[in-house]
Amino acid sequence: MCGIVAVIGSRQAAPLLLEGLKQLEYRGYDSSGLATIDTTSNQIPSRLICKRAKGKLLNLRNLVDTSGSPGRLGIGHTRWATHGRPDEKNAHPQIDSAGNIAVVQNGIIENHVLLRRSLEAEGVEFASETDTEVIPHLISKELKLLKQVGRKSSGAMLLEAVRRVSLKLNGAYAIAVIWNEAPDALVVARRKAPLLIGLGEGEFLCASDTPALAGFTRTILPMQDGEVALLTPLGIELYDQHGDRQKRSPSVLRDSEQIVNKRNFRHFMLKEIYEQPETASLWIERHLPEGLPSESPVALPFDASFYKGVEKIEILACGTSRHAAMVGAYLLEQFSGIPTSVFYASEFRYAAPPLSPHTLTIGVSQSGETADTLAALSMEAKRRDSLGDPDYASRQLGITNRPESSISRQVTNIIDIGAGIEVGVAATKTFLGQLLAFYGLAINFAAKRKSRSDEEIKKLIEEIRTVPKHLTLMLETHNELSEELSHQFSDTQDVIFLGRGINYPIALEGALKLKEVSYIHAEGYPAGEMKHGPIALLDHKVAVISIANQGIVFDKVLSNVQEAKAREARLIGVAPETIETEIFDSLMPLPVVSELISPLLSLIPMQLLSYHIAANRGLDIDQPRNLAKTVTVE
Ligand code: M6R
């Protein structure tokens, strides 16, 4: 959550910070702020200027435009509130009592209450309710001590003060710090939250994520856990938490990691929904080339040892990624014959099942930065390591859209879903990418274990190859259809999504999408579960959206839908275009495909209907209230 940007160089910092923050606004958007060090008046020490505004970034931009924030060194922040209401005083940067040190932070300082109490006992007065405010006060204290010794430059003192303070902070965080007595020094540090240093020409820009670097540089140095860096116009000094100098070469970003624009679409969400045929085509091109051997029909970056001896799979994920994992579990069990369990990563951390040998642990996270998922993976790694599981390291897999993210540094094997940056807070094309990754994995496991015949595997692969074509056709018809249908939802307050078998997770995903962008209360149920309680909710005011694809549960779903019809609910069917039934009030037609690949298509009406209902209500679709794209807090 939250996005941070920091810059030092020869250009004015404020415009660069505002541009960087605009690209990071998807990480949080309830307030924002920036601070610069103004050296124009030659006053010693220089002047620290801090501007903060409640609400969208535009408010900060207007404030900076009218009141100015000169300086070539600065830090900026866009916030998703965790501690303290989203208002001006709780926005970042947070500053020390003298107003000389400014700090922006992304993450959570878990021991802030204790730190705050001890600072207050020493007479420090706090101006905000944030966990972050302890940091500038602690740095100020350290600087006073360092000044007494006084042998270092101001930049080196700031670096040392930040390093010492970071050792006192518990939690996951990335910070950027400036001090008016060190007008040529920017200090940044990170622990368990992302931070990248971008290397420009005679300038450096640090940010929580790559889009903030667009137009600035493609050369980056991702900081590692526990590192602290001093950036000056002369270069970068990188240290580990013990103060030992680190040397690493920068890497170069791919274009797709930076480019974020809406093209002609009204919202990123719609653009990203429309990018799905391309997501599928690219995935097929990369992973299903012709001519692969029958024992490894999908090109994935693992050798035979990865698949060997796996007896059980556990998958850890949150939100939409968890829904993809549930489809994955269905495939891994029903197609590949491997017992598979899916866990909410946030629950797994505190109630993991007993360990069993020969288990593959999979973490699914489009951002690769979700705190709950990373923490669950790390906890599981420690657990297995302490029990001396010899092949545990090779039995970890991350499925992500951001191969440069924290998850890649944490697990040994990665499937990069390669969907390109997703900006809309509601996950769409990355969901499809995650599903495809699971199809690939399930096919390879089935081939290795011979749980399916070569013909069955070939048939599934051929069907997957048809997905981009079906998606393209569906987008054409379903966009218009969803727009028309969405008008029936202007007064709707409750929607129930039903699905069974492999489409049950798609019903859950439909409900999540609708909740996220339209704020309508929605629930997803396995269709057969309705009669065990949720049916009590139904009347003519409730809409029921039912996924009923041909397959083993087709007739069952139709019977479940009849039960809803008898309670006068408004019924929308996501069902084969050939269906002969009068049961639905409206039909969102699916092409006739096998049940096994149907989730790759039934997701389209879920996404488009949610989008259009929210658009009709005039809501902020790409930045829904209370949400953030990357949830880097527990
Ligand atoms: O980046 P991750 O895939 O780990 O994110 C997990 C969830 O926070 C995420 O899927 C969330 O539910 C989305 N907003 C769904 O649209």
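First listed ligand is number 1; within each ligand, the first listed atom is number 1. Because the structure is a prediction, the values reported are computed rather than measured.
- With hydrogens and angles ignored, the 3.5 Å screen pairs a side-chain donor or acceptor of Thr340 with a backbone N or O of Ile338.
- Remark: ligand 1 atoms within the under-4.0 Å shell around heavy atoms of Ala426 are 16 (O).
- Taking the six-membered ring where the residue is Trp, Phe302 and Phe306 present parallel rings, their angle staying beneath 30° rather than reaching 60°.
- Note on ligand 1: Val425 sits in its first shell, one or more heavy atoms being nearer than 4.0 Å.
- For atom 14 (N) of ligand 1, the closest non-hydrogen atom on the protein side is Glu516 OE2, 2.5 Å.
- Aromatic rings of Phe497 and Tyr525 (six-membered ring for Trp) have centroids beyond the 6.0 Å cut-off, not under it.
- Set against the non-hydrogen atoms of Ala427, the atoms of ligand 1 under 4.0 Å away are 15 (C), 16 (O).
- Atoms of ligand 1 lying under 4.0 Å from at least one heavy atom of Ser321, given by number and element, are 2 (P), 3 (O), 10 (O).
- Closest non-hydrogen pair, Ser490 versus His487, comes out as OG-O, 3.2 Å.
- When only interatomic distances are considered, the shortest N/O to N/O separation between Thr373 and ligand 1 does not fall below 3.5 Å.
- At a heavy-atom cutoff of 4.0 Å, ligand 1 is contacted by no atom of Arg322, backbone or side chain.
- Summarising the contacts of atom 6 (C) of ligand 1 with Cys318, Ala317, Gly319, the nearest heavy atom is found in Cys318.
- Distances from ligand 1 to the non-hydrogen atoms of Lys513 include at least one value under 4.0 Å.
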